[in-house]
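Only one structure is covered here, and it is reproduced in the block below.
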Amino acid sequence: MNITGIKGMNDILPGEVATWHFLEQQAQRIFQCYGFGEIRVPVVEKTELFCRSIGETTDIVEKEMYTFDDRSGNSLTLRPEGTAPVMRAFIEHKLYNQDSVAKLYYQGPMFRYERPQKGRYRQFHQIGAEVIGVDDPKIDAQVLAMLSHYFEAVGIHDVALHINSLGCRECRPAYREALIDYLQERLGELCSDCRRRSQTNPLRVLDCKVPACQEATALAPSMLEHLCPACETHFSQVKNYLQELNLPFVVNARMVRGLDYYSKTTFEMVTNSLGSQNAVAAGGRYDGLIGDLGGPALPGIGFAMGVERLVLMKKTESLPTRRLPLFLAVMGQAASDRAFLLMASLLKQGLPVEMEYAGKSLKAQMRRAAKFGARHVLILGEEELFRQVAVLRDMDQGSQQELSLAGIDTRLLQICREEPNGPTAD
Ligand code: HAM
């Protein structure tokens, strides 16, 4: 029986990888411009890190983590998200001693044992960014400006920015109580998950997709009406800066996040084009998290984008494919051996080249060259080899010229690099 991959964990095949590179490179380019430096952290961490940061009563910690004991009996977890590991590294390496503000970005696989469906996987990839050390609402607006700059740069337009404030440790407890009281009176209308959540994590009830729960919570008290003056001012300043930056947004008071570390501003970039998995990016402030993890009491804000979801949205428009500048079509063993050496020399000088190994007919080789979108084909057969020449065919013009084998690599480099859209021109 064939061994297959694991459900919900995808192979990214060569045909798709150009889109991934494009999305990753644009993030690098834009995030670096906003002053972010890359950080790389392990994919496995101590389980306790996620329990303490994401929260014991969240879906992620309760039922979605890949947790196992290593051979020494330590409980480890494949990271379900990137913020907690980045904060752990920030504290462990005392990055706060380097500057009063840290701007870090990261990318890589995350793991959650969720029910796989379009846009939701068990291994998925995030590109994320975090700013530590600033509680000024300007930075909330700047992070959102960077996110929207990114979406523009990668050509994804069908997204809307939803924002909310989840208050702080001063104002959230009273709101939580008000919400519990409201839910208590409607327990009979809630699904079994929400009946349990109404005590352990009542805010999550607002996020339940079951229609009966949505109906029962339609008139639930809103966090925005319970913000303390400091949170209220912070949120209105965030909105003002967004307006000044001409960044459209929708205030969505029912938006709660699936991780407990958030405070004040939270946000999601949502789309209509991905069905139920509609958040392409999400994040918010986590002003208490670094202190909770044993670090200094520094505020933080950040987001992560789901790369698979970006790729799904990008699928509709295909990226321009890069053409192969040169294909070597050969006939006969001696010509094949000569072409092999020529190819090695050209590759070493940075020119992408392919050749035929299977001794196919010239017609079949031309078909293969066309499949690569080859700009030129160099034809080398026994007769050409005897005369120490090769025939170079320009596939776009349909013209041919004979080149002497002496010094042919220099000549080919010249011709192929002259192409304005050739792969070596940029
Ligand atoms: P999150 O909302 O759990 O937040 O995930 C962020 C994004 O990752 C989602 O909006 C979605 O695009 C993608 N994503 C999440 N789960 C899956 C999945 N199973 N399959 C495919 N894509 C998925 C966080 O992870 C926070 N750490 C974000 C953050 C950074 N907050 C502050 N800083």
Side-chain angles (χ1 to χ4, degrees), residues 8 50-67 80-81 83-84 110-122 124 162-169 171-227 231 250-268 270-272 274-280 282-286 288 306 309:
F50 300 113
C51 298
R52 259 169 59 189
S53 54
I54 299 172
E56 298 276 5
T57 60
T58 56
D59 282 356
I60 297 180
V61 171
E62 272 184 354
K63 45 191 187 195
E64 293 172 1
M65 295 206 304
Y66 280 89
T67 296
E81 59 107 48
T83 309
M110 309 290 160
F111 304 84
R112 295 185 195 175
Y113 193 79
E114 295 194 82
R115 199 166 43 77
Q117 64 178 79
K118 182 182 166 195
R120 187 168 69 193
Y121 310 102
R122 290 181 172 171
F124 60 98
H162 285 199
I163 63 168
N164 192 17
S165 174
L166 290 181
C168 65
R169 288 173 189 195
C171 50
R172 189 135 25 114
Y175 170 64
R176 197 172 177 274
E177 286 311 312
L179 187 59
I180 290 178
D181 288 349
Y182 175 91
L183 295 172
Q184 209 54 37
E185 284 173 18
R186 288 160 186 83
L187 277 187
E189 298 160 48
L190 301 178
C191 72
S192 58
D193 265 350
C194 283
R195 277 204 290 276
R196 188 173 49 83
R197 284 186 199 129
S198 67
Q199 286 299 326
T200 56
N201 202 339
L203 268 74
R204 290 298 291 175
V205 178
L206 300 178
D207 202 29
C208 181
K209 302 281 182 290
V210 175
C213 297
Q214 290 185 350
E215 221 169 278
T217 57
L219 298 174
S222 147
M223 181 68 234
L224 292 181
E225 287 156 12
H226 288 75
L227 294 179
C231 287
V250 176
V251 174
N252 178 354
R254 291 180 67 91
M255 188 181 76
V256 291
R257 306 274 302 117
L259 307 98
D260 279 355
Y261 49 61
Y262 290 112
S263 57
K264 296 187 184 154
T265 320
T266 52
F267 53 85
E268 285 185 356
V270 295
T271 177
N272 286 322
L274 288 182
S276 61
Q277 302 310 309
N278 65 349
V280 227
R285 265 198 177 276
Y286 42 86
R309 296 186 188 177

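All values below were derived from every heavy atom in this structure, side-chain atoms included, with hydrogens, water molecules and symmetry-related copies excluded. Bear in mind the structure is a predicted one, so any value in this text is a computation, not a measurement.
Under the side-chain hydrogen bond (donor to acceptor under 3.5 Å, both in side chains) rule, R204 has a single partner from T200, D207, N201, which is D207.
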> Which is it for Y286 and T83 under the side-chain hydrogen bond (donor to acceptor under 3.5 Å, both in side chains) test, yes or no, and what are the steps along the way?
Replying inline: CA-CA 10 Å; Y286 42 86; T83 309; 5.8 Å; no

>> Run the side chain to side chain contact (heavy atoms under 4.5 Å, CB included) test on K264 and C231 for me, step by step, so that the C-alpha distance in whole Å, both residues' side-chain angles and the decisive distance to 0.1 Å come before the verdict.
In response: CA-CA 6 Å; K264 296 187 184 154; C231 287; 3.9 Å; yes

> Passes side chain to side chain contact (heavy atoms under 4.5 Å, CB included), T266 versus V256? Steps please.
Replying inline: CA-CA 8 Å; T266 52; V256 291; over 6 Å; no

>> I'd like to know whether E81 forms a side chain to side chain contact (heavy atoms under 4.5 Å, CB included) with I60, so could you lay out the CA-CA distance, the side-chain angles of the two residues, the decisive distance to 0.1 Å, and finally the verdict.
In response: CA-CA 10 Å; E81 59 107 48; I60 297 180; 5.6 Å; no

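Side-chain atoms of N164 come within 3.5 Å of backbone atoms of M255 as a donor-acceptor pair (strictly under, hydrogens ignored). With hydrogens and angles ignored, the 3.5 Å screen pairs no side-chain donor or acceptor of Y175 with any backbone N or O of E225. Of the possible polar contacts, one joining the R309 side chain to the G119 backbone as a donor-acceptor pair under 3.5 Å is found. Panel note: side chain R122, backbone P116; no donor-acceptor pair is recorded below 3.5 Å. Looking only at distances, a side-chain donor or acceptor of R112 sits under 3.5 Å from a matching main-chain atom of P80.
With contacts defined as side-chain heavy-atom distances shorter than 4.5 Å, the pair S165/M223 does not qualify. The shortest side-chain heavy-atom distance between V210 and L190 does not fall under the 4.5 Å cut-off.
Q117 and S276 share a side-chain donor-acceptor pair at under 3.5 Å.
Contact check on R197 versus E62 returns no salt bridge, with no Lys/Arg side-chain nitrogen under 4.0 Å from an Asp/Glu carboxylate oxygen. Between E268 and R257 there is a salt bridge, since at least one side-chain N of the basic residue sits less than 4.0 Å from a carboxylate O of the acidic one.
Relative to the ring axis of F124, R120 does not place its NZ or CZ within 45° and under 6.0 Å from the centre.
Of all non-hydrogen atoms in Q199 and I180, the two that sit nearest each other are NE2-CG2, 4.0 Å.
More than 12 heavy atoms of other residues, nucleotides or ligands shown are found within 6.0 angstrom of OH on Y182.
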